[in-house]
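What follows is a single structure, written as structure tokens, with notes after it.
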Amino acid sequence: MERVTVLFNPDNLAVQVEPGTSLMQAATMAGIELVSSCGGDGTCGRCLVKVQDGQVSVANAGNISPSAKQTGLVLACQTCVNSSVVVDIPGESRLDEHQVLLDENTFLMEKDIDLADGFTFKPLCRKIQLTLSPPTLEENVADWTRLQAALRAEVACTDIRISLSVLRRVAAVLRTGNWQVTVTVSQVNGCAEVIAIEPGHEANVNRVYGLAIDIGTTTVAVHLVDLDSGLTIGKKGSYNKQARFGDDVISRIIHSSERPTGLDELHQAVMDSVNELLAELLPLSQINAEEVHLVTVAANTTMTHLFLGLSPKFIRLEPYIPLAAETPPVRAKELGLNVNPDAYVACFPSVASYVGGDIVAGTLVTNLAQENEVTLFIDIGTNGEMVLGNKDWMVAAACSAGPAFEGGGIVHGMRAMKGAIDNVEIDPISFNVEVSTIGRCSAKGICGSGLIDCLATFYEIGIIDRAGKMQNDISTSRMREGDEGWEFVLVYGEEAASGKDIVLTENDIKNLLRAKAAVYINPT
Ligand code: FES
């Protein structure tokens, strides 16, 4: 079939596609990620792009006003190309690749957190230098048996294993090193496994690294850890590329279970997210992918399933059962993770359905299980989870809070990206507003922490009442009636990145209150 060209501006990126391809698909092919809160259902209105030239078919125009339509504005997920087209992508429609979760390019070389009482730094992977006695006619045991015997004293473990690919190298390496070798050993599931062997007492015996990966529904963060010293030496964060299949775990589960290639697409998307972060992080820290020998992953139950390529289908169907709560350590090469192919990848176990490994990891590092005091640990995101307890008892709960705390369903809501308002202060007399933004640049919208600030401040100074209703009699021109009812102007257009006013509407407040209600604990 004859192909047509889609040229995306301001990137000046062109792709060849078949007629009938959606602009959303074409953008993905061009490597441009658009915001897609509804997963391409045409309901969220977040994937707006402007067709500057060429013929398109619009299946669903959404809520775009007639005047905006005249300018060429369409929903990318609902618009297919009929001819070669030129398309402009507004900044607010793209998942900014510089999403800020962590200080970018931060290299720490210091202990990131103090290990809680009772924890000692004991990595699951390390390099060990061994000197073996050479075989003789009197002592003629096999090379691997000899190596096992020497290792047994070092690893305090009787079950010592090796993969076939490493075993094939043992005889040559022992002799090249004149019976001195450096082995890299992982200890998982009660056994020790030789995952690499080098001749001699390698000068780089201290160079063994691990990754701690946090996979959120919205964002992915990677910490690079020196497994010899325990130092966190670098970290990077970005958005989860699965976002193009929908904002929340339910849309991802539906996509993975109802589309023939859905599970593969979601698995690949999260792998791409992690591998892209590694491609930036490892060269900056002058570490080779081969030197990363261990990976741990904390994620909610659905994310863990998708990371491992397991179907999460039954998590959303009564009685809400995951395929696996505890998953075995797997090899990096089985997942397509760009580290040492034989590195073990271990995921934190889930507790049940939506109470996942991320909350388990949080409970572990906060040392909640050692505390005398009853402590509440809350993780609020698209999924809301909490643990209450102390050293004697513990209960956990999870709920779907919806994407409001990530900016979904809020007129000017956005994720925690550059330009997101993350702090709001309002003078109680003049109602003048001061905001700070992530990246200290012009405001583009409001992220979760800014929204929570707004809710609290609005209530404290009487902009809303207890039920979230706007008090439209307050004396400020910032309170006004807009297309969706009463709204409060946080940033006027002249100071906003888009040139348009950034407001919080009464409807936004309702959505936030619903999300808050979803994670509410009744103390009685
Ligand atoms: Fe296009 Fe939601 S309307 S992704």
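FYI, side chains are in, hydrogens and waters are out, and symmetry mates aren't considered; it's all heavy atoms of this structure. Counting convention: from 1, in listed order, for ligands and their atoms alike.
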Check: Is the count of non-hydrogen atoms from other residues, nucleotides or ligands lying under 6.0 Å from K469 atom NZ greater than 12?
Finding: no
Item checked: E487 and R480, any side-chain heavy atoms less than 4.5 Å apart -> yes
Next item on the list: Go through the steps for S449 and D422 under the test side chain to side chain donor-acceptor pair (under 3.5 Å), then give the verdict.
Entry: CA-CA 5 Å; S449 41; D422 63 346; 5.3 Å; no
Note to self: For atom 3 (S) of ligand 1, tell me which residue out of G246, S93, S22, G45 has the closest non-hydrogen atom.
What the structure shows: G45
Notebook entry, point to check: Which residue owns the protein heavy atom closest to atom 4 (S) of ligand 1, what's the atom, and how far is it?
Noted result: S36 OG, 3.4 Å
Note to self: Working to 10°, measure the angle at atom 1 (Fe) of ligand 1 formed by atom SG of C47 and atom SG of C77.
What the structure shows: 110°
Item checked: Salt-bridge present (D11, R94; N to O < 4.0 Å) -> yes
Notebook entry, point to check: Counting heavy atoms only, which part of D41 comes closer than 4.0 Å to ligand 1: side chain, backbone, both or neither?
Noted result: neither
Check: Does G62 come within less than 4.0 angstrom of ligand 1, counting non-hydrogen atoms of the residue?
Finding: no
Next item on the list: Taking the side chain as every heavy atom from C-beta outward, state whether I315 and I321 have any pair of such atoms under 4.5 Å apart.
Entry: no
Item checked: Subset of ligand 1 atoms that lie under 4.0 Å from at least one heavy atom of C38 -> 2 (Fe), 3 (S), 4 (S)
Next item on the list: State the atoms of ligand 1, each with its element, that fall below the 4.0 Å cut-off from a heavy-atom position in T43.
Entry: 3 (S)
Notebook entry, point to check: Considering only heavy atoms of G42, which atoms of ligand 1 have at least one such atom less than 4.0 Å away?
Noted result: 3 (S)
Next item on the list: Verify, without hydrogens or angle tests, whether R478 (side chain) and L490 (backbone) share a donor-acceptor contact under 3.5 angstrom.
Entry: yes
Next item on the list: Below 4.0 angstrom from a heavy atom of G40, which ligand 1 atoms are there? Numbered from 1 as shown, please.
Entry: 4 (S)
Margin query: Whether K313 and E258 form a salt bridge (side-chain N of Lys/Arg under 4.0 Å from carboxylate O of Asp/Glu) is what I want to check.
Written below: no
